[in-house]
Undergrad: 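This is the structure, below, for whatever I ask next.
The structure presented is a predicted model; accordingly, all values stated were derived computationally and were not measured. Chain naming here is simple, since letters A, B, ... match the order of the sequence lines and numbering starts at 1 in each.
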Amino acid sequence: MNAALNIPYRMGAALLLIADQTGGIAIMAGQVVRRLVPPRIDRYELFRNAYRMGVQSVPIIAATAGFTGALMVIQGAPIVERYNARNIIGWSAMFTTFRELGPLLIALMFNGRVGANNTAELGTMVVTEQIDGLRALAIDPITYLVVPRYLSIAIMMTALVIIGDFVAILGAMGMAWGILDVWPRQFYYSAMPMLQTWDFSVGVIKGFFYGNMIALTSCYFGLSTRGGAPGVGRSVNASVVAAASGVFIVDYLSTFILH
Amino acid sequence: MIELFDVHKHFKEPVLRGVSLSVPAKGIYALIGPGAAGKSILFKIIAGLVTPERGSVRVNGEEVVGRREREMMDLRRGIGMLFQNYALFDLSVAENIAFPLRRLFDFSEDEIEARVAERLERVALPGFQDRNPASCSGGQKKRIGVARATIARAPIVLYDEPTAGLDPVTSQKIYNLIREEQRAQESTVMVISSDVNGVLSIADRVGMLHKGRLIFDGTVDEARVCPTPEVNQFVHGLTEGPL
Amino acid sequence: MTEAAAQTLDAATDEPPLPKRSALTDMLGELADLWRVTLDTLFYTFNHKREKGAVITQCYAIGNRSLFFMVVTMGFIGAIVVYQIGIQTARIIPDMSLVGATYVKLLIRDLAASVGAMPLATRVGAGIAAEIGSMVVTEQTDALRMSAADPVDYLVVPRFLASVLMGTSILLIGGAVAYFAGMLICNLSFDVNPYVYMNFSMVTSGDCILGFIKCLVYGGTIALVSSQRGLRTFGGSEGVGRATTEAVVGSLFAIITLNLIMSTIGNFLLPA
């Protein structure tokens, strides 16, 4: 094929691939919803996954959120010092963390830890023919594997954003105390009156949307794995990238909708 | 000449528990045993790819254990190895086979090309130079692996499961190839195989590993009449017995 | 050998005691291993001739193939961040003229590098770990070592160099995309004229130096953390999945930690 035709050809192929994956994720969403009304949930699987995915992620998510809060104070510090605006540092750091950066960074971390792991597990089950095994036993892989994972990822992501927000406050307080001599009490009283419940809620709602995105994407890519150990690596790779893109697009849309 | 003395290795649990073994130079030594007996690890320890916790390994009289990675070059020039999972790189077949030659020796391009062609001829895959290994069948990949293991004409060649997953005809061809190569190069060859009958048809000596220990070491004829129940059962493929 | 005899033999051989393991010793062990890989990588970077074209191949895999993803991502991030700064400003002072100036300072000093590094780590880190991990479980790294090609030299060094070079370039490009996406949003949502938006008066040389150092460090960190995870893969397809997961989490966590350290030091050494 000559070079001039090659570029549009590859662009077209890439677009078709993206369309294919988006469609696949949408179909999976439909399949999951159909099994949720009326709910048919394997409760044991749900709690097991919620524990593994949610509870065991708390340390890393807490660290991420704490560092994010601290970072927002460092980034705000020059501006605060220039205008001598110590009384708004608490508000300015928490506003950005709650609404935007907290949920976003937690989602990226959660995507790396839980989403990637989920794809790897499902992918391994595909390449070792365990999914076919389930089908042969007349067990529906969507009900047994996908629905509990979807629910626990979406719920746990939301819960982790709430936990993360509290840890972020602590991180920001510590850093403000350390580099700006703003005492925690002062920090707290500067932040609270200006922060609205809505600022907090926006982040939590976003967290729920990110959770949906990560859950559906990771399950889809896991179940569409082909080709042995390298295949699992490829689909994990594709899954984290697709979920991260999805998170950014959802973030963009929700930022404007949830003004 | 390969000598191991009291080699111990554990990962999460012990894999080798004090293996002592002496493989005489020039000949085929078959290493048999049930799965997870530590056969592959033993090969990797001989090649210096895995360091044992305890024990000593001598290849041609030189100690292998405790050398640093950068000091292994001389040792590995003298060892060719076929890996269980083929371990072929994402390069053309010719580049795969030429890889050890390029990295370990200084040969001219013509010389390398000639040797690769000769090897491919030998393993009955003439004209495969520009293929990608990913598009080859299991038997072809094994044969490409054999070509790579023998290209440097190393005095020691280790074959890890050369016939796993292959049909009996292809298996026998590969065994014959190993035998002929060994005769032509007068090399010291070790073969791991689960296909006991096939590998015993070409081996001079045989050792059996079981649960991390060497429970038999002797000639093939001795193995066939060995009274130890595990060896007897495994060599004759019986269902009755301790295994 | 009877069962009883086997047991006596078990008891007779004194096996070396297994070292005690805990989460803390595991983590310290991993950090020590990462440090070894880093030192080896630096050693080979300066002391060895490389395969022809290896770095270029990796530059293409790491750079060109991440470019589209990063441009899209950074476009969205730029738009979002400006929007947040805008509504934040609107709550204190209704003057939008300094949004552009504040944003570009934040972008150069931190956001372009640190926020951009997170999607980059996801994309590049997962790729490196999956690729090296697959080579480990199919014994290709052992085959490399048999041919005296140390996997650190043959696999990690080209990825490290490519990641530093292309990572930095991509983060700079991403920063520019985020800047212009911000300009668009500022104009559409807050009616800020592009001429007013393009205000670089608050940017200092210290901001630029700090931002650039961050880009270089993140590029190198992503490659090193992910390669180390890939090289320590064990156990088939499950292992490759596990390594990929750990590479993404490890790189992201390393970026956040290093950002905190570099920002704190930068706050004292290169004050804004």
Undergrad: Among I87(C), V81(C), V137(C), which residue forms the greatest number of heavy-atom pairs with chain A at distances under 4.5 Å?
TA: I87(C)
Undergrad: Can you tell which part of S92(A) gets under 4.5 Å to a heavy atom of chain C, answering side chain, backbone, both or neither?
TA: both
Undergrad: Give the minimum heavy-atom separation between G241(C) and A120(A), together with the two atoms involved.
TA: CA-CB, 3.4 Å
Undergrad: Search all heavy atoms of F76(C) against all heavy atoms of I249(A) and return the closest pair with its distance.
TA: CE1-CG1, 3.5 Å
Undergrad: Would you say that more than 12 heavy atoms from the other residues, nucleotides or ligands in this model lie under 6.0 Å from the CE of M11(A), or not?
TA: no
Undergrad: Quick check on S189(C) against chain A: is it the side chain, the backbone, both or neither that has a heavy atom closer than 4.5 Å?
TA: side chain
Undergrad: Heavy-atom pairs under 4.5 Å with chain C - which of V232(A), V241(A), D251(A), V240(A) has more of them than the others?
TA: V241(A)
Undergrad: Let me know if F69(C) has heavy atoms under 4.5 Å from chain A in its side chain, its backbone, both or neither.
TA: side chain
Undergrad: Looking at chain C, which one of I60(A), T68(A), T119(A), V127(A) has the largest number of heavy-atom pairs inside 4.5 Å, strictly under?
TA: I60(A)
Undergrad: Does CZ belonging to F212(C) count more than 12 external heavy atoms closer than 6.0 Å?
TA: no
Undergrad: What part of T257(C) lies closer than 4.5 angstrom to a heavy atom of chain A: side chain, backbone, both or neither?
TA: both
Undergrad: Within the structure provided, determine whether M118(C) and L104(A) are in side-chain contact (heavy-atom separation under 4.5 Å).
TA: no
Undergrad: How are the rings of Y83(C) and F256(A) set relative to one another: parallel (under 30°), tilted (30 to 60°) or perpendicular (over 60°)?
TA: tilted
Undergrad: When rounded to the nearest 0.5 angstrom, what is the spacing between CD1 in I179(A) and CG in N267(C)?
TA: 4.5 Å
Undergrad: So which heavy atom on G127(C) is nearest to which on N237(A), and how close?
TA: CA-ND2, 3.0 Å
Undergrad: If you count every heavy atom of other residues, nucleotides or ligands that lies below 6.0 Å from E139(C) atom CD, does the total exceed 12?
TA: yes
Undergrad: Atom CE in M262(C), atom CG in L71(A): separation rounded to 0.5 Å?
TA: 10.0 Å
Undergrad: Which pair of heavy atoms, one from L260(C) and one from F67(A), lies closest together, and at what distance?
TA: CD2-CD2, 3.5 Å
Undergrad: May I ask you to name which of T138(C), L106(C), D110(C) has the most heavy-atom pairs under 4.5 Å with chain A?
TA: D110(C)
Undergrad: Could you tell me which portion of S134(C) (side chain, backbone, both or neither) has an atom closer than 4.5 angstrom to a non-hydrogen atom of chain A?
TA: side chain
Undergrad: Quick one: CG on L111(C) to CG on L101(A), what's the gap to the nearest 0.5 Å?
TA: 7.5 Å
Undergrad: Near Y179(C) OH, under 6.0 Å, is it more than 12 heavy atoms from other residues, nucleotides or ligands?
TA: yes
Undergrad: Which bit of V72(C) comes within less than 4.5 Å of chain A, counting heavy atoms only: side chain, backbone, both or neither?
TA: neither
Undergrad: Quick one: closest heavy-atom pair of V240(C) and G233(A), and the distance?
TA: CG1-CA, 3.7 Å
Undergrad: Decide if atom CZ of F200(C) counts as having more than 12 heavy atoms of other residues, nucleotides or ligands within a radius under 6.0 Å.
TA: yes
Undergrad: T96(A) versus I85(C): any side-chain heavy-atom pair under 4.5 Å?
TA: no
Undergrad: What part of V249(C) gets closer than 4.5 Å to chain A, counting heavy atoms only: side chain, backbone, both or neither?
TA: both
Undergrad: Give, as side chain, backbone, both or neither, the part of I261(C) having an atom under 4.5 angstrom from any heavy atom of chain A.
TA: neither
Undergrad: With a 4.5 Å cut-off on heavy-atom pairs, point out which of M109(A), R234(A), R113(A), M194(A) contacts chain C the most.
TA: M109(A)
Undergrad: To the nearest 0.5 Å, what is the distance between CD on Q84(C) and CZ on F95(A)?
TA: 5.5 Å
Undergrad: So which residue, T264(C), T244(C), V248(C), N259(C), ends up with the most heavy-atom pairs under 4.5 Å with chain A?
TA: N259(C)
Undergrad: What are the two closest non-hydrogen atoms of S263(C) and Q75(A), and how far apart are they?
TA: OG-NE2, 3.5 Å
Undergrad: Quick check on I256(C) against chain A: is it the side chain, the backbone, both or neither that has a heavy atom closer than 4.5 Å?
TA: both
Undergrad: Can you tell me which of M175(A), Q196(A), M125(A) forms the most heavy-atom pairs within a distance under 4.5 Å of chain C?
TA: Q196(A)
